Number of protein chains: 2
Amino acid sequence: MATMKDIAREASVSVATVSMVLNNKPNSRISKHKREEIERLARKLNYQPNFAAISLSKQQSLNIALIVPDITNPFFSLLTKEIDLSLEKDGYSTIFVDSNNSFQNEKKAIESMVSRGVDGIILVPSNEFFRVDQAQRKQLIANLDKPFILLNAYPNDLDVSYVNFDNVNGAYIATQELINKGHQEIAFIQGQTGFVNAAERLTGYQQALRDHHLAVKPQNLFMGDYSVGSGYELASTITQRKDITAILSSNDLMLFGIIKWAKMHHIDVLHQYAMIGFDNDPYSEILEVPLTSVDQRPKAMIEKALAILLERIGSDHPVNKHALIKPELIKRASVFAPVTTSE
Amino acid sequence: MATMKDIAREASVSVATVSMVLNNKPNSRISKHKREEIERLARKLNYQPNFAAISLSKQQSLNIALIVPDITNPFFSLLTKEIDLSLEKDGYSTIFVDSNNSFQNEKKAIESMVSRGVDGIILVPSNEFFRVDQAQRKQLIANLDKPFILLNAYPNDLDVSYVNFDNVNGAYIATQELINKGHQEIAFIQGQTGFVNAAERLTGYQQALRDHHLAVKPQNLFMGDYSVGSGYELASTITQRKDITAILSSNDLMLFGIIKWAKMHHIDVLHQYAMIGFDNDPYSEILEVPLTSVDQRPKAMIEKALAILLERIGSDHPVNKHALIKPELIKRASVFAPVTTSE
DNA sequence: CCTTTTTGCTTAACCGGTTAAGCAGTTGAT
DNA sequence: ATCAACTGCTTAACCGGTTAAGCAAAAAGG
C-alpha cells in the first residue's frame, strides 16, 4: 500500500504538501506543476488513504454504528438497508451490530462503538431496552457524549434525540378503517406495556373507538410480544371469542402467527376476520389474503434520523431533536365487512 | 476520554509501562505494585482504548467487512446475523455494506474497505458479479491482498477462498424426493446461467432424473432470477403445462411469486403442484401449505467461512481454501403424490 | 530600489497507542 | 569480590496521516 510518504519521496516534496494537495485544502498555495505531479503519482501508485491515521489525527472515523435488535426481522432489515445506502452517499460506513434483543448487548455495543471512535450511534432499541429499570437506561445515555439517536422507539424518561413514527395516528387510522367497514368488536393485540410504541398504539386504538362512539372493552385487548410465536399462542383465545370480527395487531408478524395456528387447526381465519397489522411486511402480499398494514414509512424515518444525526455530528452544541413520521395505511384485501360466524 | 497518557501521569510511570500492563504483555516485567496501581487508575478513569491508535500502530483494525447483495432477502439477513454474532465473540466488528445487487457497488465497497484497513472481507456476491466479464472479476481480486472469502457462491474462473453449500447435492436430494413421491414431470426453475449455483443446481436436478431413469426435458426448464417477481411472471407459463405435477425452484421466493400469481387468478397452485424450494425461508411456514425446502445450513456455512477467514488473517502464507456444506432437506407439506389435473 | 505582501513550500508537533532497545539497580553464581 | 543475569522501568522510534507556524524567494507596491 502506497502512503503519502512514498508519493512525497517520488515527487521530492514533504508529506505535508502531499496531504494538502490530495485533500484540496482551500488555502493551500501549491504550484500547479507540483499539484499535478502529486496527483499523477497518487494515481500511479494507487494511493489509498489510511483511515486509521486519518481517524487518529482528525478525531473522526467516518463510521456510524447501527444497532438493531434483530436483522432477521424484515422491518429492521429494511431500515438497515436504507440507512446503509444513505450513509454511504455521505461517505460514512456502517458498523453493524445485531443486539439479539438484549439490553446487555446494546450496552456492550455502545461502549465498544464509542471506543472504536464511531462518529455517531443509531440505536433501534430492543424490547428489553424498555423493560430494564430506568436507572440502567439513564446510565447508558449519561456516559455517552457521542452523537446518538434512537430510531423506531423511544422511552419517555430519557432526554435523547429520536425519530419515531406516529404510533397514535397509525393505530387511529387503522382502527378507523375497520370501524368504517362496520366492525364494532375489534381485537387489539398490544405489544408489551412499558414499550412506548405499544402504549401509543393502544391510545390511538382507544381514541378511534371513542371518537366513533364505540365501547373500549378490556376483554378485546390481548398481549403479544411482536413475535410470530406470540401470535400463534394468542390465536386459540381470540378465535374462541365469537363476537370479535376484526383484529388489529401491533405488527404483521403476530398476524402471521395467528394465520399459522389457524392453518394447523383448519380454521379459515383469513376470511373470517378483517385484519390490519403494522410494518407493511412485504411477505404479507404472498398470503392468500394480503394484509392491510400500517406502513411506518421507513425511508422517511431514516431520512429524518440521518439528517438529525449528521447535523449533530457537524455541530458542537448538542441539542436533542425529535421527529414523528406520519404513517400511511396500505390497503389490501384483508379488510372487509364483518362476517357473521356460524359454527 | 482518558488516555494512557492520563493514567501514566497519575501513576508516575511512562506510557509504555501502562501499555504493557493493560495489554498483559507476557514478557513484561512490571512490579505487582505498579501493575495494580495502573489497573486501578484505568478503572477509575474509565479508560477505553482508542481503536484508531491501535489500528494504526498494530496495522489491524479488528473490523471485518461484510458485503451482501440485499439485506432485505431473508437468507442474507440470516447470514448477516450469524456472522455478526459470531465475529463479535472473536472481538471483531462487522462493517456492513449492502451492495444493492450491483457489481460496481461491490467493487467500490471492496476498495473502500481496503482503505479503511479492515482485517478481512466477506463477499456474498450479487447476481451481477457473475454476469460481468471475467476480466473485471479478475481485476477485482488481483488488486486485493486482504484476507478475502466468497460466501454462498463462487465463480469457477477465479482463484479465491470460498464457502458454498453443495448445490449439486441439494438439487439432487430435492429432485429425488419428488421422484420418490411419484413425480415424473418436474419443472425446474433455474437461476440465471453464468451463476455457478444455478448451473450446479441444474446438474443436480438432471443427475437425479437420469439416476432414476427419467428423461431430462428442456421444456421443463424455466429461467428465473431469484426474485418474487420472476416467479410471478413464470407462473402462467408453468400452470398452462398440464403434464407438470411438481415444481423445483432455485429458491423459495420464486415459489412465493407463483403462489401470489395463482392467488390472483384463483388457481389452487398449492394443492395442485408438489413444490420444493431452496433457502428454507422462515416465511414459508406461514403459507397455507408450508414449503419443503433445501436448507443451506447457513450456520454451518458461516462457521466454516469464518474459520477459514480468521485462519487466513492469522497466517502470513495466504492459501486459498474451499468448503462445500452438505444441505439438508426440510420436509413440509408441499410435497405429495402427483395430482391429476382436471380442468 | 527598498519594503511589504504573497507564494510555495517545509518543519515540527500532534493524534494515541506499540514495541524493540537500552539502562540503572538488584540479585545470584563462582 | 567480580561478573553475569535478571528486574523494573524508560526512551525513542514508529504507524500515517493533519495542520499551525515559519521561512526563503518571488512578486507587488510605492
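Remember, it's a predicted structure, so these values are computed and weren't measured experimentally. Each chain gets a letter, A, B and so on, in the order the sequences are listed, and its residues count up from 1.
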Would you kindly give the [atom1]-to-[atom2] distance between [X] and [N], to the nearest whole Å?
X	N	atom1	atom2	result
A:Met4	D:dC15	CE	P	15 Å
B:Tyr47	C:dG16	OH	P	10 Å
A:Leu22	C:dC9	CG	P	14 Å
B:Gln48	C:dG17	CD	P	11 Å
B:Ile54	C:dG16	CD1	P	12 Å
B:His33	D:dT7	NE2	P	20 Å
B:Ile30	D:dC6	CD1	P	17 Å
A:Ile7	D:dG16	CD1	P	13 Å

Checklist entry - How large an angle, rounded to 10°, do the end axes of the helix from C:dC1-D:dG30 to C:dT30-D:dA1 enclose when each is built from five base pairs? => result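 Inter-axis angle at the termini of the helix from C:dC1-D:dG30 to C:dT30-D:dA1: 50°.
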
Counting only side-chain nitrogens and oxygens, does [X] get under 4.0 Å of the OP1 or OP2 atom of [N]?
X	N	value
A:Lys5	D:dC15	yes
A:Thr3	D:dC15	no
A:Gln60	D:dT18	no
A:Gln59	C:dG16	yes

Checklist entry - Heavy-atom count around B:Lys146 NZ within 6.0 Å, excluding the residue itself: above 12? => result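 More than 12 within 6.0 Å, yes.
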
Checklist entry - Does a sphere of radius 6.0 Å around NZ in B:Lys299 hold more than 12 heavy atoms from other residues, nucleotides or ligands, not counting ones at 6.0 Å or beyond? => result no

Shortest side-chain distance from [X], nucleotide among [options]:
X	options	value
B:Asn23	C:dC15, C:dT18, D:dC15	C:dT18
A:Leu56	C:dC15, C:dC9, D:dG17	C:dC15
B:Ala53	D:dG16, C:dC9, C:dG16	C:dG16

Item to check | Heavy-atom pair with the smallest gap, counting every atom of A:Leu62 and A:Gly91 | outcome: CB-O, 3.9 Å

Hydrogens and angles aside, do [X] and [Y] bring a side-chain donor and acceptor to less than 3.5 Å of each other?
X	Y	answer
B:Ser102	B:Ser99	no
A:Arg116	A:Ser61	no
A:Ser126	A:Asn101	no

Checklist entry - Quick check: does any side chain N or O of B:Asn63 sit under 3.5 Å from a backbone N or O of B:Gly117, one acting as donor and the other as acceptor? => result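 Not confirmed, B:Asn63 side chain does not pair with B:Gly117 backbone.
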
Grab the N/O contacts between the protein and nucleotides 19-24 of chain C below 3.5 Å, and write none if there aren't any.
from	atom 1	to	atom 2	distance (Å)
C:dT19	OP2	B:Lys25	NZ	2.7

Checklist entry - Hey, which of B:Asn73, B:Thr72, B:Asn100 is the one that makes side chain to side chain donor-acceptor pair (under 3.5 Å) with A:Lys81? => result B:Asn100

Item to check | Electrostatic pair A:Glu37-A:Arg40, nearest N-O below 4.0 angstrom | outcome: yes

Checklist entry - Residues two or more places apart in sequence or in another chain: which of them pass side chain to side chain contact (heavy atoms under 4.5 Å, CB included) with B:Thr3? => result B:Lys5, B:Asp6

Checklist entry - Hey, which of these two, A:Val13 or B:Asn50, hits DNA chain C nearer its 5' end, going by closest nucleotide? => result A:Val13

Checklist entry - Checking all strands, does B:Phe51 fall into the base, sugar-phosphate, or nothing category for heavy-atom contacts under 4.0 angstrom? => result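 Touches nothing.
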
Next on the checklist: Counting the atoms with a prime plus P, OP1 and OP2 as sugar-phosphate, which does A:Ser14 contact under 4.0 Å by heavy atoms, base, sugar-phosphate, or nothing?
Outcome noted: base

